[in-house]
Number of protein chains: 2
Amino acid sequence: MSLKHILLGILQQPHSGYDVKKTFDHVFSNFWAAHLSQIYPQLKRLTDQGLLTVQDAESSKGPNKKVYQTTAKGQRELVDWLAHGPVTNTEKLAYLAQTFFLGALESHADRIQFMEQLLLHMQHWHQTLCAIQDQVKAEYPNYPHGLPDEEFYPNLTLMLGVKKVGAKVAWVQESLALLQERQ
Amino acid sequence: MSLKHILLGILQQPHSGYDVKKTFDHVFSNFWAAHLSQIYPQLKRLTDQGLLTVQDAESSKGPNKKVYQTTAKGQRELVDWLAHGPVTNTEKLAYLAQTFFLGALESHADRIQFMEQLLLHMQHWHQTLCAIQDQVKAEYPNYPHGLPDEEFYPNLTLMLGVKKVGAKVAWVQESLALLQERQ
DNA sequence: CAGCCCATGTAACGCGTTACATGATTAG
DNA sequence: CTAATCATGTAACGCGTTACATGGGCTG
């Protein structure tokens, strides 16, 4: 039941469903993904439950928008979620499951190739996150202490992203070296 | 569609549904969780599709078991999954979403408490993984080079687990220090 | 005028979670 | 005898993915 709470969090500021999707892609892609086909029905359900308000609005480009915003009741739900303590053990890493069974591939070259693909992916991801962090650093010279609240907590997730993906890059490189030794 | 492939991977060796669940809890808990109520129907479906075989067997303790094993067709499906390249961007970290919105908690003490709970969780998880790794190291003096294939690939997932959770512990500690500075 | 971005949805199907339901054996 | 472990499932409901469906406006 986290999509609900993430929407309540994002919609503390007013946004359309389409904008919410962009927020997922740009800001949350590090740890959560959602499709438009999930977001639209969920927004309607939360509005029916009195956790969001809707308002029609004109768009600068394209058709009219529906702008949603979290209500006081929705805000209470969000705070309850946070106050209930960290929700853990949500992780599902398909590529690690694949790594576990990598021995099922007949050829050594195929296993190496798998890891090389993984390396490219992780390096790309790491560079993306580092670039975003560099931007934030450039904007706030006293980083991370000088960040205002509305940037500080989001930035914590960025800091974990960089560390975590860095660890993954190092791991793939180490794994590749071990694999190549094995022949 | 990964549960299917993980089952095909586990059932390269014969196991009952109940045993498969224990494998998830002990070996996969690092990166994948599954409930018995998912596993049982899925095993039936995969058997109907000719990807698994079933056989009745007696149990040493308790009622009779149904022992499943991957067929040649199932093995081909597993290999296809691996050959298709790493499946990435599956991650959903609810506690990071919570961290993102931590500013919604009114009191500073509540935010500190959230991070302290997260620290305890991550430290516990890290110790568990390190203990397992120490066991493997003790068993194979030439670790990790001397591992046989059936241990080598699973051990790669353990190595990432240790690195990744280590990065998370360091991050929570750093975040706590930053939070305490902010007052 | 073709292709992309803006904008909102529905439908089908499979995965994930919690609760319910049953019953045997074993360790304390 | 009580609690834990062994063993297998069903039901209800919500989440996640892919495909389908529509149509306006902007850029090259």
Side-chain angles (χ1 to χ4, degrees), chain A residues 1-8 14-26 28-29 31-49 51-52 54-68 77 81 87-94 97, chain B residues 1-8 14-26 28-29 31-49 51-52 54-68 77 81 87-94 97:
Chain A
M1 294 275 278
S2 289
L3 177 61
K4 172 179 163 176
H5 297 104
I6 294 174
L7 292 178
L8 293 176
H15 291 291
S16 68
Y18 195 83
D19 287 343
V20 167
K21 169 61 174 161
K22 282 195 290 187
T23 303
F24 272 100
D25 292 346
H26 299 150
F28 285 75
S29 58
F31 54 88
W32 204 280
H35 293 263
L36 275 171
S37 59
Q38 284 181 268
I39 293 168
Y40 286 127
Q42 187 67 263
L43 289 174
K44 206 187 164 191
R45 235 173 291 148
L46 294 175
T47 307
D48 291 346
Q49 289 168 31
L51 304 174
L52 297 177
V54 210
Q55 245 188 302
D56 272 47
E58 277 178 26
S59 171
S60 46
K61 298 175 168 190
N64 277 13
K65 296 174 166 195
K66 289 192 184 179
V67 174
Y68 294 88
E77 280 265 344
W81 181 52
V87 176
T88 51
N89 303 318
T90 320
E91 270 185 278
K92 303 230 159 175
L93 297 179
Chain B
M1 295 273 278
S2 290
L3 177 61
K4 172 179 163 176
H5 297 104
I6 294 174
L7 291 177
L8 293 175
H15 290 290
S16 67
Y18 194 83
D19 287 342
V20 166
K21 169 60 174 161
K22 281 195 289 188
T23 303
F24 273 100
D25 291 347
H26 300 151
F28 285 75
S29 57
F31 53 89
W32 204 280
H35 293 262
L36 275 171
S37 58
Q38 283 181 269
I39 293 168
Y40 286 127
Q42 186 69 263
L43 288 174
K44 206 187 166 190
R45 236 172 291 146
L46 294 175
T47 307
D48 292 345
Q49 290 169 31
L51 303 174
L52 297 177
V54 210
Q55 246 188 300
D56 273 47
E58 277 177 28
S59 171
S60 45
K61 300 177 169 190
N64 277 13
K65 296 175 169 198
K66 289 192 181 178
V67 174
Y68 294 87
E77 280 264 345
W81 180 54
V87 176
T88 50
N89 302 321
T90 320
E91 269 184 280
K92 304 229 158 175
L93 298 178

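The sequence lines fix the lettering, A, B, ..., with proteins before strands; numbering per chain opens at 1. All values below were derived from every heavy atom in this structure, side-chain atoms included, with hydrogens, water molecules and symmetry-related copies excluded.
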**Heavy-atom side-chain proximity of A/D19 to A/K65 below 4.5 angstrom** = yes

**Request:** Give the rounded distance in Å between these two atoms: OH of A/Y40 and P of D/dG16.
**Result:** 17 Å

**Asked** So do the side chains of B/Q49 and B/L46 get within less than 4.5 Å of each other, counting heavy atoms only?
**Response** yes

**Message:** In this structure, how many angstroms lie between the C1' atom of D/dG14 and the NZ atom of B/K92, rounded?
**Reply:** 13 Å

**Message:** Taking B/H35's backbone N and O only, do any of them form a donor-acceptor pair with B/K21's side chain (distance below 3.5 Å, no angle check)?
**Reply:** no

**Request:** Nearest whole angstrom, please: distance from the C1' of C/dG9 to the CG of A/D56.
**Result:** 14 Å

**Request:** Looking at every strand, decide which applies to A/K66 at a 4.0 Å heavy-atom threshold: base, sugar-phosphate, or nothing.
**Result:** sugar-phosphate

**Complete:** Atom CD of A/E91 and atom P of C/dG16 are separated, to the nearest Å, by 15 Å

**Item:** B/K44 NZ - D/dG9 C1' separation (whole Å)
**Value:** 10 Å

**Message:** Just N and O in the side chain of B/R45: are any of them under 4.0 Å from OP1 or OP2 of C/dC13?
**Reply:** no

**Fill in**
Whole-Å distance, B/K65 NZ to D/dC6 P, equals 9 Å

**Prompt:** Between C/dT8 and A/Y18, is there an OP1 or OP2 to side-chain N/O distance shorter than 4.0 Å?
**Reply:** no

**Item:** Earlier contact from the 5' end, DNA chain D, for A/Q42 and B/Y68
**Value:** B/Y68

**Complete:** Taken to the nearest 0.5 Å, the spacing of A/K92 NZ from B/I6 CD1 works out to 7.5 Å

**Item:** side-chain N/O A/Q38 vs D/dG16 OP1/OP2, d < 4.0 Å
**Value:** yes

**Under 3.5 Å donor-acceptor pair, A/S37 side-chain atoms to D/dT18 base atoms** = yes

**Message:** Please classify the nucleic acid contact of A/S2 as base, sugar-phosphate, or nothing, using heavy-atom distances under 4.0 Å.
**Reply:** nothing

**Request:** Select base, sugar-phosphate, or nothing to describe what B/K22 touches, counting heavy atoms under 4.0 Å on all strands.
**Result:** sugar-phosphate

**Message:** Using whole Å, what does the distance between atom P of nucleotide D/dA7 and atom CG of B/D19 come to?
**Reply:** 6 Å

**Asked** Between A/L43 (CG) and C/dT8 (P), how many Å, whole number?
**Response** 9 Å

**Prompt:** Hey, is the side chain of A/H35 poking within less than 4.0 Å of OP1 or OP2 on D/dT17, counting only N and O atoms?
**Reply:** yes

**Request:** Kindly check if the number of other-residue, nucleotide or ligand heavy atoms within 6.0 Å of CD (A/Q55) is above 12?
**Result:** no

**Request:** Please figure out whether B/P41 or A/A33 has its closest DNA chain D nucleotide nearer the 5' end.
**Result:** B/P41

